Number of protein chains: 2
Amino acid sequence: MNTRDRLKQIGLSLFARHGYEGTTLAQIATAAGIKKPSIYNHFDSKAALFLELSRDADDDLIALIDASLADMAAAPFEHRLRHLLQQCATFAYREHQGVFYKRFLLFPPQDLVTEAEAITEQGESRIDRRLVAFVQEGRRIGALRSTLTDDHFVAAFYCVVDGLLSETFMYEKREFERRFEGVWSVFWAGVTAG
Amino acid sequence: MNTRDRLKQIGLSLFARHGYEGTTLAQIATAAGIKKPSIYNHFDSKAALFLELSRDADDDLIALIDASLADMAAAPFEHRLRHLLQQCATFAYREHQGVFYKRFLLFPPQDLVTEAEAITEQGESRIDRRLVAFVQEGRRIGALRSTLTDDHFVAAFYCVVDGLLSETFMYEKREFERRFEGVWSVFWAGVTAG
DNA sequence: AATAAACTAACGACCGTTAGTTAGCCATCT
DNA sequence: AGATGGCTAACTAACGGTCGTTAGTTTATT
């Protein structure tokens with residue numbers, strides 16, 4: 001792997017673990033096997049490296065959602081919803097990218113809040129549109145209970161994804177998968193029966 | 001309010017917004033109307049201030065849970081569960097304490113990870129015990145569906161609380177309350193029918 | 001008179017960043 | 001073929017600034 005990509009990978013993991021302010025260019029450089037000023041041969045600034053990683057993560061998450069919806073288009077609705085949820089949740093185990101993204105979403109660096117919001121804003125509305133279309137189809141074909149409103153579904157879905165993402169920090173993958181089953185069983189029961 | 005409490009209140013809000021590494025003693029001092037070194041008349045170090053705030057937040061959350069369980073002991077089970085969830089979720093709107101706690105829980109400062117885990121560990125097991133007793137009672141009296149296991153309930157409850165806590169960053173209180181209704185309706189349906 | 005709590009001054013360490021230099025690589029030109 | 005020049009990416013040295021912290025002093029309160 002070339003130096004630039006190596007810096008990005010190392011930056012991703014360090015920013016995820018220690019945050020923007022808690023990560024120094026010296027740490028990144030040392031982990032990459034070069035000296036601190038050499039980073040500037042590849043990125044204009046610490047902020048530029050961070051924002052490029054942020055844009056990548058946002059793009060990857062949306063690509064993941066689109067891929068899940070496309071791949072499972074022909075499957076039963078329950079499978080499609082479960083797959084979508086699982087893909088979003090296990091995003092966190094992708095080479096620290098999930099942790100990075102979550103941190104970026106909830107606690108963007110104070111100096112970069114304007115740029116950060118520009119990145120996340122468009123992402124959220126794109127996801128919203130897909131979710132609403134999804135729940136409407138589910139209700140129409142009778143897979144979801146007819147009393148379930150768009151708003152309720154979207155709120156519950158986001159809540160579950162956020163909750164699961166949080167739990168990926170606290171539990172190993174095995175334990176997380178156990179918890180996922182519990183969350184899924186309650187969520188699915190909640191959107192179908194009631 | 002005396003200077004010490006003022007420093008704690010200001011520290012809470014700044015740590016919540018900008019994190020441990022992103023907050024400087026100079027900022028705290030300025031907001032409190034004193035000079036930076038004067039902080040050391042009240043706290044041994046930046047870390048000591050932060051950890052005291054962390055312990056306070058952890059204690060307050062547990063006290064909140066206990067209070068909710070005690071206050072609603074005589075109410076219908078649905079009301080008790082809803083109240084508990086709501087109390088946990090709206091913890092976030094308590095003068096930045098919720099944001100602080102969430103950040104502390106998910107992204108503790110790298111230098112204080114040992115001390116941070118010591119604080120959160122005992123808190124979590126205390127909450128676990130209460131939740132398990134709660135779900136068992138709910139099943140026994142027929143308020144929860146008999147197929148709902150302890151594990152599934154605990155996982156789903158934590159997930160919902162974590163998800164709601166996350167959403168408190170993103171939405172104003174009014175919008176949050178709207179979302180809470182959606183989450184609650186799905187969650188309640190999920191733990192009863194199915 | 002004693003104590004608490006503010007202050008000023010300054011310390012050493014580290015931060016992100018810039019400047020200037022050097023080594024290697026590849027295309028071009030004599 | 002061999003020399004030339006430009007480009008990339010590494011380096012060392014150092015800058016100005018800020019960090020948390022300490023020492024020593026003054027002020028106010030009890």
Side-chain angles (χ1 to χ4, degrees), chain A residues 1-56 100 103-104 107-116 119, chain B residues 1-56 100 103-104 107-116 119:
Chain A
M1 201 187 315
N2 66 33
T3 304
R4 190 172 203 279
D5 290 340
R6 214 167 57 242
L7 286 171
K8 285 180 72 171
Q9 176 197 301
I10 290 165
L12 186 71
S13 108
L14 287 178
F15 284 140
R17 255 204 300 277
H18 304 133
Y20 181 72
E21 295 92 348
T23 301
T24 72
L25 293 183
Q27 290 171 352
I28 297 175
T30 301
I34 62 176
K35 300 296 179 183
K36 181 172 60 161
S38 303
I39 295 177
Y40 285 82
N41 288 322
H42 304 279
F43 299 95
D44 287 344
S45 64
K46 183 187 183 184
L49 168 58
F50 181 83
L51 289 172
E52 181 164 330
L53 289 169
S54 304
R55 275 185 291 268
D56 286 356
F100 175 92
R103 191 164 202 154
F104 167 72
F107 309 107
Q110 54 170 335
D111 306 333
L112 307 176
V113 65
T114 307
E115 295 91 334
I119 292 173
Chain B
M1 200 188 316
N2 67 34
T3 304
R4 190 172 203 280
D5 290 340
R6 206 154 21 104
L7 285 171
K8 285 180 71 171
Q9 177 197 301
I10 291 165
L12 187 72
S13 110
L14 287 177
F15 284 140
R17 255 203 300 276
H18 305 132
Y20 181 73
E21 295 92 349
T23 302
T24 72
L25 293 184
Q27 289 171 352
I28 297 175
T30 300
I34 63 176
K35 299 297 179 182
K36 180 172 62 162
S38 303
I39 295 177
Y40 286 81
N41 288 321
H42 304 280
F43 297 95
D44 287 344
S45 65
K46 183 187 184 185
L49 168 59
F50 181 83
L51 289 172
E52 182 164 326
L53 289 169
S54 304
R55 274 185 292 268
D56 286 355
F100 175 92
R103 192 164 200 153
F104 168 73
F107 308 106
Q110 54 170 337
D111 306 333
L112 307 176
V113 65
T114 307
E115 296 89 334
I119 292 174

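This is a predicted model, so every value here is computed, not measured. Naming convention: chains lettered A, B, ... in sequence-line order (proteins, then strands); numbering from 1 in each chain.
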What's the separation between atom NZ in A:K36 and atom CD1 in A:I28, rounded to the nearest 0.5 Å? 11.5 Å

Name the closest nucleotide to the A:K36 side chain, picking from C:dG16, C:dC7, D:dG20. C:dG16

If you only use heavy atoms from C-beta on, which nucleotide in C:dT8, C:dA5, D:dC19 is closest to the side chain of B:A26? D:dC19

Separation of atom CG in B:L7 from atom P in C:dA4, rounded to whole Å: 17 Å

In whole angstrom, what separates A:K46's NZ from C:dG16's P? 4 Å

From the set C:dT17, D:dC11, C:dA6, return the single nucleotide nearest to any side-chain atom of A:S45. C:dT17

Main-chain N/O of A:T23 paired with A:K46 side-chain donor or acceptor, under 3.5 Å: yes

Please report whether the ring centroid of A:F43 lies less than 6.0 Å from that of A:F50. no

Interatomic distance where CD1 belongs to B:I39 and P belongs to D:dG20 [whole Å]: 9 Å

Could you tell me how far apart A:I34 (CD1) and D:dT8 (P) are, to the nearest whole angstrom? 16 Å

I'd like to know if the side chain of A:R103 reaches the main chain of A:R17, judged simply by a donor and an acceptor atom lying under 3.5 Å from each other, with no hydrogens or angles considered. yes

Counting side-chain heavy atoms from CB outward, which of C:dA6, C:dT8, C:dT18 is closest to A:P37? C:dT18

Whole-Å gap separating P (C:dG16) and CG (A:L25): 4 Å

Need one value for B:T24: base, sugar-phosphate or nothing, where a base atom within 4.0 Å counts as base even if backbone is also close, heavy atoms only. sugar-phosphate

Is the phosphate of D:dA9 approached by A:T3 (side-chain N or O, under 4.0 Å from OP1 or OP2)? no

Tell me whether the OP1 or OP2 atom of D:dT8 has a side-chain N or O from A:H42 closer than 4.0 Å. no

Would you kindly give the CZ-to-P distance between A:R6 and D:dA9, to the nearest whole Å? 12 Å

Would you mind reading off the distance between A:R4 atom CZ and D:dC7 atom P, rounded to a whole angstrom? 19 Å

Output the rounded distance in Å from CZ (B:F43) to P (D:dT22). 16 Å

Exceeds 12 heavy-atom contacts within 6.0 angstrom, atom CG of B:D5: yes

Could you check B:N41 against A:Y40 and say which one's nearest nucleotide on DNA chain C is further toward the 5' end? B:N41

